[in-house]
Amino acid sequence: MQENHSNSFNGLMTFLSTTPKNRLIIDLNGSMEKEGIDIGLQLASALIECENPSMIVGNVIYKLIQEHKALDNKIGYYIALKNIGILFEPTLKINMRMLIDSVSQSMTLILNTSGKVRNNTFYFIDEESGITVSLAGMSYYTIE
């Protein structure tokens, strides 16, 4: 079930109240104003001296998410990620679809990033970047 709304807090609360499979919020303009983790900085710091970062990156990401998850009385447990470009770094071999799907099934995942969502596809930065994640089959809410 895909949900795609924009600029409506009431719409967001309606989306979350339907108990969607995924609790994914793509915040393209930073309007949610939720405290987030700078995943780029945190991940780069954690992997800086690692000889083969792709071997441990998944564990590091999940540890960071657990350490930085927060509780909001309206949306429940959530993690807000900003500066997500590092997650698309080819050398890290992160399966972004699997990461997004997994995290957003256990808590609300807020991606505070620039990009575009069209036809169940998230385009990081813009459609010309060539960096995409298929959202097909996922429930998500877009704030533009």
Closest approach of Q105 to K21 (non-hydrogen atoms, all atoms of both residues): CG-O, 3.4 Å

Residue of the set L109, I61, D38 for which side chain to side chain contact (heavy atoms under 4.5 Å, CB included) holds with L81: L109

Student check: side-chain heavy atoms of L28 and F122 closer than 4.5 Å: yes

Residues which pass ring pair (Phe, Tyr, Trp, His ring centres under 6.0 Å) with F88, listed by chain and number, not counting sequence neighbours: F124

Close side-chain approach of I100 to L111, heavy-atom, < 4.5 Å: yes

From N52 atom CG to K93 atom NZ, the distance as rounded to the nearest 0.5 Å: 7.0 Å

Residue pair M32 / N112, side-chain heavy-atom distance below 4.5 Å: no

Pair S31, N29: side-chain N/O donor-acceptor within cut-off below 3.5 Å: yes

Enclosure of I48 CD1 (heavy-atom neighbours >12, cutoff 6.0 Å): no

More than 12 heavy atoms of other groups within 6.0 Å of E35 CD: no

Same apolar cluster: L92 and I125, side chain cutoff 4.5 Å: yes

Close side-chain approach of L99 to M96, heavy-atom, < 4.5 Å: yes

Reference residue T108; test side chain to side chain contact (heavy atoms under 4.5 Å, CB included); the match among R23, K69, K34: R23

L87 side chain reached by L43 side chain, heavy atoms, under 4.5 Å: yes

pair I110-I75: side-chain heavy atoms closer than 4.5 Å: yes

Which atom of I65 lies closest to which atom of M107, heavy atoms considered: CG2-CE, 3.9 Å

More than 12 heavy atoms from other groups under 6.0 Å of OH on Y62: yes

